[in-house]
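The structure appears below as structure tokens.
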Number of protein chains: 2
Amino acid sequence: MKVLIVEDDALHRSYLNEAVRTALPECDAVLESENGRLGEIEARKLRAEFIVMDLQMSERNGIEAARTIWRERPDTKILFWSNYSDEAYVRGVSRIVPEGATYGYVLKSTSEERLKLALRSVFLESQCVIDREVRGIQQKGMGSGHGLSDAEYEILVDVALGLTDKTIASRKKLSLRTVQNRLQQLYEKLEVYQETGDDESRYNLRTRAVAVALMRRVLNASAVERAERDLQDDAD
Amino acid sequence: MKVLIVEDDALHRSYLNEAVRTALPECDAVLESENGRLGEIEARKLRAEFIVMDLQMSERNGIEAARTIWRERPDTKILFWSNYSDEAYVRGVSRIVPEGATYGYVLKSTSEERLKLALRSVFLESQCVIDREVRGIQQKGMGSGHGLSDAEYEILVDVALGLTDKTIASRKKLSLRTVQNRLQQLYEKLEVYQETGDDESRYNLRTRAVAVALMRRVLNASAVERAERDLQDDAD
DNA sequence: CAATGATCTGCGGGTTCCCGCAGGACAAGC
DNA sequence: GCTTGTCCTGCGGGAACCCGCAGATCATTG
């Protein structure tokens, strides 16, 4: 049994290494990579079955790395180990996990016990382990209150990329008006409106929505980057 | 001599603690806070002269904490200790450092030696120490090539907040047309234009500029948050 | 002084956005 | 069947945007 660690912070890397060794005595090799790009290569070379991986790394972040790894072998078990439970990351992860794959998502702030437990649960028992806090974020998506539906999130990303309504319409095969309707929904969900209708201090709703999404951590730079690549890709 | 550590990651916190104790044997107390808000309170209570502090923390980030601390006692010596050298952070820091204050900016990836050296230089010799990599980013601002001037950065932030041209004009006491001119400059610097002028795949320049700035790390969520607070403040 | 350049400002137009109103498609329920 | 609800679509107008053209200010330089 071999475990691959993908993490760019040296301190956390050695901490993880130690945790893996003590939590999984049946493991006979622990490999390390220090960013997503190297992680992918190592995983391919190793045919790794068990990976624990950071999100937010410099070269290529965890989500992108995980996506290509899972594309090659969907049965790989991956434990994500992240600083934050931002909606953008949580959404990003659950968007790429293949049908029936087992994975975990634990925060770096959780205790060593919980981490070790998660390692055993995910790797040995093929059980998905998601931190309570992360779970909360995940469900906001469906909950009636605020929290964006998939359609709304999609359009948010397109807008954040800087596309026009018309472009979005043709990409998504929708009428212009439909796109604008969805934008309207999005504005409501994000509670974006013209503010003091007076004469001053108005907003450009489109960019304001992006700002609010950023501040609420619904969106972040790496989500935009991922969308950008997808855009370049299907530009053929 | 007392040193205050403000850092939300437990591992890094204890690593820092150790580094401070060995690098500064003349130091007789090392205190710790685990986010910006608590750090401010602790600094005030302690009348701390020496602080080493993380940027990107949950409750209140390092830049905001440093700003209030420096407002109360501008002679406080602060060593920033950050994961990234994003332009947004570098700019954020140099924007708040008071006249003649001494500070440092080192990356978490630098060696233990360099860290200890920086601790001694900043705290004992009142010498500013800025990592080479960070320095590079800092100078891009003035360098002829790309890299935004202050005027351009200012307008970028206002746009990213979601303000209208007109609103920006009245806030900055400029004519509408001037604001639009600066936007034009900004678009050029960010290399943002309509792309394939054909019929498809056009951009909304305004939001596209924000997207590009995000991807180039000129802007990030906390920069937007800071701007948002400033906006609320001078709304009187 | 004249000349050059950078910056601010106004005008005018074409385009895009924001959004109310209104009609059509389709499903669920009394 | 009729109603109610949700979603997509078109029309039209007012506002905001992008931007070329042009005049005005101000600093620098030969």
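Worth knowing before you read on, the calculation uses all heavy atoms, side chains too, and leaves out hydrogens, waters and symmetry mates. Here is how names work: the chains are called A, B, and so on, in the same order as the sequence lines, proteins then strands, and each is numbered from 1. Keep in mind that what you see is a predicted model, and the values were worked out from it rather than measured.
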Run the side chain to side chain donor-acceptor pair (under 3.5 Å) test against B/Arg73 and tell me which residues pass, sequence neighbours left out. none
What is the distance, rounded to the nearest whole Å, between atom CD of B/Gln185 and atom P of D/dC18? 14 Å
Take A/Arg71 and A/Glu40 through the test salt bridge (charged side-chain N to carboxylate O under 4.0 Å, His left out) and record every step on the way to the result. CA-CA 11 Å; A/Arg71 251 206 283 267; A/Glu40 281 177 25; over 6 Å; no
Side chain to side chain donor-acceptor pair (under 3.5 Å) partners for A/Glu49, two or more places apart: none
Of all the nucleotides listed (D/dG10, C/dC8, C/dC17), which has the minimum atom distance to the side chain of A/Ser175? D/dG10
Answer yes if the side chains of B/Glu188 and B/Gln184 hold a donor-acceptor pair under 3.5 Å, and no otherwise. no
Measure from CG on A/Leu163 to P on C/dT16 and round the result to the nearest Å. 14 Å
Mind jotting down which residue pairs meet the salt bridge (charged side-chain N to carboxylate O under 4.0 Å, His left out) criterion with at least one end in residues 94-107 of chain B? Sequence neighbours excluded, please. B/Arg95-B/Glu154
Can you name the residues that form a ring-ring contact (aromatic ring centres under 6.0 Å, His included) with B/Phe123, not counting sequence neighbours? B/Phe50
Take atom NZ of A/Lys173 and atom P of D/dC7, then tell me their distance rounded to the nearest Å. 22 Å
Write down the distance between NZ (B/Lys172) and C1' (C/dT7), rounded to a whole number of angstrom. 16 Å
State which residues pass side chain to side chain donor-acceptor pair (under 3.5 Å) with B/Glu133; sequence neighbours excluded, sorted by chain then number. none
Let me know the distance between CG of B/Leu183 and C1' of C/dT7, rounded to the nearest Å. 15 Å
Every protein N/O lying under 3.5 Å from an N/O of nucleotides 19-22 of chain D:
unit_1	atom_1	unit_2	atom_2	d
D/dC19	OP2	B/Gln184	OE1	2.5
D/dC19	O5'	B/Gln184	OE1	3.2
D/dC19	N4	B/Gln180	OE1	3.1
D/dG20	O6	B/Arg177	NH1	2.0
D/dC21	N4	B/Arg177	NH1	3.2

Provide, to the nearest angstrom, the distance between the CZ atom belonging to B/Arg202 and the C1' atom belonging to D/dC17. 13 Å
Give a yes/no on whether any side-chain N or O of A/Arg182 is located under 4.0 angstrom from OP1 or OP2 of D/dC8. yes
What is the distance, rounded to the nearest whole Å, between atom CD of B/Glu154 and atom P of C/dT7? 15 Å
Return whichever of B/Asn204 or B/Leu174 has its heavy-atom-nearest nucleotide of DNA chain C closer to the 5' end. B/Leu174
Look at all strands and tell whether B/Leu176 reaches a base, only sugar-phosphate, or nothing, counting heavy atoms closer than 4.0 Å. nothing
Whole Å only: how far is the CG atom of B/Asp165 from the P atom of C/dT9? 14 Å
